[in-house]
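The structure appears below as structure tokens.
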Amino acid sequence: MSKLRFEAIIESQKRIPLPIEENGRRSELFAANVFNEEKMLQYLTKDALESVKGAIVSGTKIQRKIADQVAEAMKGWAIGKGATHYTHWFQPLTGSTAEKHDAFFDLLPDGKALEKFGGGQLVQQEPDASSFPHGGIRNTFEARGYTAWDPTSPAFIYGTTLCIPTIFVAYTGEALDNKAPLLRALHAVDDAATAVAKYFDKNVSKVNATLGWEQEYFLIDKSLAMSRPDIVLTGRTLIGQTAAKGQQLDDHYFGVIPGRVLSFMRHLEVECTQLGIPVKTRHNEVAPNQFELAPIFEEANLAVDHNLLLMDVMDKVAKKHNMKVLFHEKPFAGINGSGKHNNWSLATDTGVNLLSPGSTPMKNLQFLTFFVNTIKAVDSYEELLRSSIASASNDHRLGANEAPPAIFSIFIGKQLGSVLDELEGVSKGKLSPEEKTELKLNVVGKIPEIMLDNTDRNRTSPFAFTGNKFEMRGVGSKTNCAKPMTVLNTIVAKQLRDFKIEVDSLIDKKNLKKDEAIFNVLREYIKTSKRIRFDGDGYSQEWEKEAKKRKLSNNKSTPDAIQVLTSKESLELFDSMNVMSGVEVKARQEIELDSYIMHLQIEGRVLNEMVYGYVIPAAIEYQNILIANVGGLKGIYGADYKKMCESQLAIIEGVAEHIAALKSKTDAMVNERKKANVISDSNKKAYAYCDKVRPYFEGIRYHCDKLERLVSDKHWPLTKYRELLFVK
């Protein structure tokens, strides 16, 4: 197999950047393949356009007659762009997307052919759902699942297929996807935030949650990737000695983008621009061969769809450039892994960012209202928020001195911290004229001034305020953003709803003025949520001890993290906000456990295959060469051979020791895996894999990596880190 490694290296050296033609400005290309409002103006009747816009803005139902008109318009536009098929594009609980293509082509009873696509096909389809995760929502033999059109996310043409974003539900109505709960959460936060925003501006009629994700990824040569069975099957390197040079010189971050990579990026950006994905930023990340892409902020549902579409486009474009994209959170040991920071805020239909300070004390009171309520929401449900980013792959990254710790805390900076400390001292009940003046002019009124130089310098915070948004940093690079966004918007919606009830109660029952009532409620929230605020080093042992005193959760593994999903508080939260039923929540917990088990099961199997199929044979082959060398020297020099063979004998013994340890640990791991596989309870099985199987992985890796150092480069069969990370 070492031959395959060297052939892959030679092949990778032949690559040259592919020429990329960009015809026209990006602004002219933008959304060329999207059936957005601009296209609807051209193709829809006035009634149809108003109906679709009503569905997007206020969720009104689209009548069947209108749906037929929209379908006919979509078909005409799509066929004119070269489309031959259509599909309902949905997000099953696998974490990725799914699609089944149907041709526009159909036959009439008399045998004549025509292109057909009506409102029925647009609005709903019934794909076979038997193989998608369902967590016990339905029986396996009940294969029915329904996809239903989501008009808030525009249809687009991908290749020769018209893709229609949809939700995916069981025949009983329960969500079998990530989109339906997200849409419900966004509706909940819209209702709650709009009601609170009306305290400050009666003209506000809608609030959108916005999302700006930052997609980190590794890019390696396709031939090198295909030479590694662990990368092919698990998306990461299960073994591999770290290269002599890693990221310690800080020479990759923001450095000159390599030619092949820049060609890939330009090609990707053209594809994304045509699909309406507003990509804006590209750069080298910290680790070698690691990069980042970020878009302009969008409405959260659309942003989630665009991120999922982006990852698919990245895979396809990378193949054309003879590269492979790695989205795994920790594909290489010893260097930084990849995340997907989720930048979240709330924006009104009047054009105001509710998490951005304004020019007047009243606008700043509005900012503080949403700012403090978000802090309070995270404090109340920090463990649930942590569960939304849990996965077998992200467990490698969280708390690894490169990413946020598993303990959730909020960084707001000293300047804003001092503002909250001032507000904490507000008098209970009615405020004196002097106190009102002090608060409005010298505390609330000066927020924009104190924030001018309040840049975020704490990169260890899992949830940081960064000027006009909160940045959730623990999200994994391959995670569907819908999961953390569903939880975040749900808890903020619940908190804002509770806030309005308390404020209205003080106004009605205590005869407080609106701003007095708001100050009073915010004061209590600041006091009760103080434990979640932390500006220090999230990696320190002192913080772990302090967090324990503050009773903050520290769930370091996925099985621990997702237990909270089915707690009484979580079930009540999702049910009360009409985001998920108890059945839907429990199903998701079951699916998360099964996914965790399967990921570790696959990694264990691949590791066993690599040890017995690659590492041990290579070590024995090299050991035999050394033994033959020692035997030859003994034949020439007789009894004096030992002083000439000290190094060879030491290597022979070292190889033998590592082979023995490797076999012992691998066999023990396989045995524990077999024990875990017969456990029927998913929760117990997940813990068996977590506590009994997974601990062997590092021990096995240790001996494999030691052998990589001992065995000659010529005889080592697996592509090494220095080749994977430094071949450009």
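Since this is a predicted model, take the numbers as computed values, not measurements.
Judged as a side chain to side chain donor-acceptor pair (under 3.5 Å), the pairs with a partner in residues 654-671 (not counting sequence neighbours) are, in order, Y612-D667, H658-H703, K663-D667. Every pair tested for ring pair (Phe, Tyr, Trp, His ring centres under 6.0 Å) that includes a residue from residues 667-701 fails, sequence neighbours excluded, so the list is empty.
Remark: E698 does not engage R694 in a salt bridge, criterion side-chain N to carboxylate O under 4.0 Å. Comment: D230 does not engage R236 in a salt bridge, judged by the lack of any side-chain N to carboxylate O separation of less than 4.0 angstrom. The residues E383 and R386 are annotated as not salt-bridged, no charged nitrogen and carboxylate oxygen being separated by less than 4.0 angstrom. Taking a cutoff of 4.0 Å between a charged side-chain nitrogen and a carboxylate oxygen, E544 and K556 qualify as a salt bridge. A salt bridge does not link D221 to K324: none of the charged side-chain nitrogens sits closer than 4.0 Å to a carboxylate oxygen.
Every residue was checked against the salt bridge (charged side-chain N to carboxylate O under 4.0 Å, His left out) condition with K340, not counting sequence neighbours, and none meets it.
In terms of modelled atom types and a separation under 3.5 Å, the side chain of W213 and the main chain of V304 share no donor-acceptor contact. Between the side chain of H321 and the backbone N or O of M323 there is no donor-acceptor pair closer than 3.5 Å. Side chain of R228 to backbone of L238: no donor-acceptor contact under 3.5 angstrom is found. Between the side chain of Q563 and the backbone N or O of P559, at least one donor-acceptor pair lies under 3.5 Å.
Defined by atom type and a distance below 3.5 Å, a donor-acceptor pair is present between the side-chain atoms of R397 and N394. A donor-acceptor contact closer than 3.5 angstrom is absent between the side chains of E11 and N322. Side-chain contact, D594 with S682: a donor N or O sits under 3.5 Å from an acceptor N or O. Side-chain atoms of N342 and E471 include no donor-acceptor pair closer than 3.5 Å. Side-chain atoms of T97 and Q91 include no donor-acceptor pair closer than 3.5 Å. For the residue pair S12 and S223, no side-chain donor N or O sits within less than 3.5 Å of a side-chain acceptor on the partner.
No side-chain heavy atom of S338 sits less than 4.5 Å from a side-chain heavy atom of E329. Side chains of K548 and N554 form no contact here, defined as non-hydrogen atoms less than 4.5 Å apart. A heavy-atom distance below 4.5 Å is not found between the side chains of Y217 and M311. Side-chain atoms of R5 and P717, non-hydrogen and from C-beta on, never get closer than 4.5 Å to each other. Counting only heavy atoms from C-beta outward, the side chains of F6 and S227 never approach each other to under 4.5 Å. Residues R588 and I562 form no side-chain contact, since every pair of their non-hydrogen atoms from C-beta on lies 4.5 Å or further apart. Using a 4.5 Å heavy-atom threshold, the side chains of L724 and N289 count as separate. L268 has its side chain within reach of V313: a pair of non-hydrogen atoms, C-beta onward, lies under 4.5 Å apart.
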* What's the verdict on side-chain contact (heavy atoms from CB on, under 4.5 Å) for M472 and F408, showing C-alpha distance, side-chain angles and the deciding distance? -> CA-CA 10 Å; M472 188 173 174; F408 251 79; 3.9 Å; yes
**Item:** Stepwise side-chain contact (heavy atoms from CB on, under 4.5 Å) check, I220 with L326
**Value:** CA-CA 8 Å; I220 59 176; L326 300 183; 3.9 Å; yes
*asked:* Show, in sequence, the C-alpha distance, side-chain angles and deciding distance for M669 and I700, and conclude whether the side-chain contact (heavy atoms from CB on, under 4.5 Å) test is met.
replied: CA-CA 9 Å; M669 181 267 290; I700 292 168; 3.9 Å; yes
Could you go through the salt bridge (charged side-chain N to carboxylate O under 4.0 Å, His left out) check for D705 and R709 one step at a time?
-> CA-CA 7 Å; D705 293 354; R709 295 181 67 181; over 6 Å; no
Set out, in order, the CA-CA distance, both residues' side-chain angles and the distance that settles salt bridge (charged side-chain N to carboxylate O under 4.0 Å, His left out) for K675 and E672, then state yes or no.
CA-CA 5 Å; K675 289 180 185 177; E672 288 296 341; 3.8 Å; yes
Full working for salt bridge (charged side-chain N to carboxylate O under 4.0 Å, His left out) between K483 and E592:
CA-CA 11 Å; K483 291 167 60 180; E592 295 286 350; 2.9 Å; yes
Step by step, work out the side-chain hydrogen bond (donor to acceptor under 3.5 Å, both in side chains) result for E285 and N336.
CA-CA 9 Å; E285 254 301 329; N336 276 19; 5.7 Å; no
Checklist line | Stepwise side-chain contact (heavy atoms from CB on, under 4.5 Å) check, F534 with I410 | finding: CA-CA 6 Å; F534 176 65; I410 296 179; over 6 Å; no
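Two rings, from F332 and F218, have their centers less than 6.0 Å apart.
Here NZ of K706 is found 14.5 Å from CD1 of I239. Values are rounded to the nearest 0.5 Å.
Annotation for H396: atom NE2 counts as buried by contact number, over 12 foreign heavy atoms lying within 6.0 Å.
Paired with R282 under the rule salt bridge (charged side-chain N to carboxylate O under 4.0 Å, His left out), one option of E292, E214, E269, E216 passes, and it is E269.
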